[in-house]
Participant: 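Okay, handing you the structure first.
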2 protein chains.
Amino acid sequence: MSLNARQSTESRQSEIIATVVALAAERNPAEVTTTDIAKAMSVTQGALFRHFPTKEAIRLAVIEWVETQLMANLADAQASAPDVLSGLEAMFLAHVKFIRQFPGVPRLVFAELQQPDSSPLRQRVQQIMQRYRQMLAEALGKAKAAHLIRDDVDVQAAAVLFLGAIQGLVMQSMLGGVSPDAEEPVLGVLRLYLASLGGKS
Amino acid sequence: MSLNARQSTESRQSEIIATVVALAAERNPAEVTTTDIAKAMSVTQGALFRHFPTKEAIRLAVIEWVETQLMANLADAQASAPDVLSGLEAMFLAHVKFIRQFPGVPRLVFAELQQPDSSPLRQRVQQIMQRYRQMLAEALGKAKAAHLIRDDVDVQAAAVLFLGAIQGLVMQSMLGGVSPDAEEPVLGVLRLYLASLGGKS
DNA sequence: TACTTGTAAGTAACTTATTACATACAAGTA
DNA sequence: TACTTGTATGTAATAAGTTACTTACAAGTA
């Protein structure tokens, strides 16, 4: 493959998505222009519109890539855990690992969440997060039924706190206070979260 | 005062800040233009530049207003609590109340956090959040010394989880899953957070 | 040949900021 | 009081730059 070979639309779409994710790691995703994306790909700006009809379509494809990747990671983590509570723990760590691997992802999600309610993109992100929360609530319910956590745990609140705990870690690393690869804060927060559930460690 | 009376720069500055905060409650703050602000104030776009030199100066003034307001609320909450742990509880509720009063605030903060590292605005937000976290860590340290919480609590992690818990609630209400005025999820998450500290309720 | 992928140039719409000019208002003066 | 004058606040128009998207044309590929 020469440096500027012609590529199929399929492979260019993947390349565009990967480029947006990569750019979002360092810049404000809302300020990433089609020219920026094209330059990073060594292609002219107009070429992008051979593979996506609009910029919004690009952003939608990016969000759907994020969903697919994250959900696959979470499912793997849950599946390879011995019990539901260990599954929650594994999902927590898998989520953090995923974000560490693609630091642009939380920025992209935040950017879409800033859109007005009517935006189809925002609704998509909304749907993803609601499903995630529901999955957590179900897992927490099972853990409660199996007496792995306190039987008076509010599973809805515990699902919100799970996502909040990850968010707090994301914010902390976005603020640059600590190296994003530091493990201690992650384990510290996870331990604290598990303590809130009253699980027997 | 007639409908379109002339105003002092001082009062116009306050009006501009209030307008930006109000607009941010419904739109993406990054997409709020000087024309939007001016329209909402029934003034021409150019008039804004009689009171602020640049748009960035407006955003900075908004962030500083947020800091002043939030910190005053937190200090009040902490001061009127009988002990340190109740103080943390009061700060949690005061923060949630403040956000409920000005729903645009978290969106504004997120928007500035998306800026590149070098941006003065981002650095300002960074500074505010680091101070907040440090204040929380200190309060948690005192609570630990007073045996109000477990003596093996990781105060740094507990500070991150405090902010994360609020963030989780903010996200949940931004996602519109529930009415932002609902008290139960707030209290549920707060209760869970306190449980993670092992405080005697 | 027929189709897909690419380029270079162009366009309409929009954004921040500036400019020339107008007007309210406070202070000083006849 | 009545009049002048200087300054702060406002408007309308527009400059200068950026953005997403289009179009005319070229070239690779089946």
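A quick note: this is a predicted structure, and the numbers were derived from the prediction, not measured. The sequence lines fix the lettering, A, B, ..., with proteins before strands; numbering per chain opens at 1.
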Participant: Can you tell me how far apart CZ (A:F92) and NZ (A:K97) are? Round to the nearest 0.5 Å.
Facilitator: 15.5 Å

Participant: Using 4.0 Å as the upper bound for N to carboxylate O, is an ion pair formed by A:D36 and A:R27?
Facilitator: yes

Participant: Going through the checks in order, is the salt bridge (Lys or Arg N to Asp or Glu O under 4.0 Å) test met by A:E64 and A:R59?
Facilitator: CA-CA 9 Å; A:E64 291 188 333; A:R59 300 196 304 172; over 6 Å; no

Participant: Do A:R124 and A:Q127 have side-chain atoms, one donor and one acceptor, less than 3.5 Å apart?
Facilitator: yes

Participant: Is there a residue in residues 20-31 of chain A whose heavy atoms reach under 4.0 Å of DNA chain D, and which residues are they?
Facilitator: none

Participant: If you take any heavy atom closer than 4.0 Å to DNA chain D, which residues from residues 51-63 of chain A end up in contact?
Facilitator: A:T54, A:K55

Participant: Find the distance A:E10:CD to C:dT5:C1' and express it as a whole number of Å.
Facilitator: 15 Å

Participant: If you round to the nearest 0.5 Å, how far is CD of B:Q13 from CD of B:Q7?
Facilitator: 12.5 Å

Participant: In whole angstroms, how far is the P atom of D:dA13 from the CD atom of B:Q45?
Facilitator: 14 Å

Participant: Could you check how far CD1 of B:I16 sits from C1' of C:dA17, rounded to whole Å?
Facilitator: 14 Å

Participant: At less than 4.0 Å, is any side-chain N or O atom of A:T9 found next to OP1 or OP2 of C:dT5? Yes or no.
Facilitator: yes

Participant: Among A:F162, A:Y132, A:F102, which residue satisfies the ring pair (Phe, Tyr, Trp, His ring centres under 6.0 Å) criterion with A:H95?
Facilitator: A:Y132

Participant: Which atoms form the tightest heavy-atom contact between A:R122 and A:E112, and what is the distance?
Facilitator: CG-O, 3.5 Å

Participant: To the nearest 10°, give me the bend of the helix from C:dT1-D:dA30 to C:dA30-D:dT1, comparing the axes of its five terminal pairs at either end.
Facilitator: 10°

Participant: Could you tell me how far apart B:Q7 (CD) and C:dA26 (P) are, to the nearest whole angstrom?
Facilitator: 13 Å

Participant: Ignoring hydrogens and angles, does a donor from either the side chain of A:R6 or the base of D:dT29 sit under 3.5 Å from an acceptor on the other?
Facilitator: no

Participant: Rounded at 0.5 Å granularity, tell me how far CD1 in B:I58 sits from CD1 in B:I63.
Facilitator: 13.0 Å

Participant: Do B:R50 and D:dA8 have a side chain to base donor-acceptor pair shorter than 3.5 Å?
Facilitator: no

Participant: Please name the residue in the list A:I149, A:L161, A:V155 that meets the side chain to side chain contact (heavy atoms under 4.5 Å, CB included) test with A:L197.
Facilitator: A:I149

Participant: So does B:G188 get a backbone contact from the side chain of B:Y193, meaning a donor-acceptor N/O pair under 3.5 Å?
Facilitator: no

Participant: Between D:dT19, D:dG10, C:dA17, which nucleotide has the shortest distance from any of its atoms to the side chain of B:F49?
Facilitator: C:dA17

Participant: Is it true that a side-chain atom of B:S86 and a backbone atom of B:P82 form a donor plus acceptor pair closer than 3.5 Å?
Facilitator: no

Participant: Is the distance from OP1 or OP2 of D:dA20 to the nearest side-chain N or O of A:T34 less than 4.0 Å?
Facilitator: yes

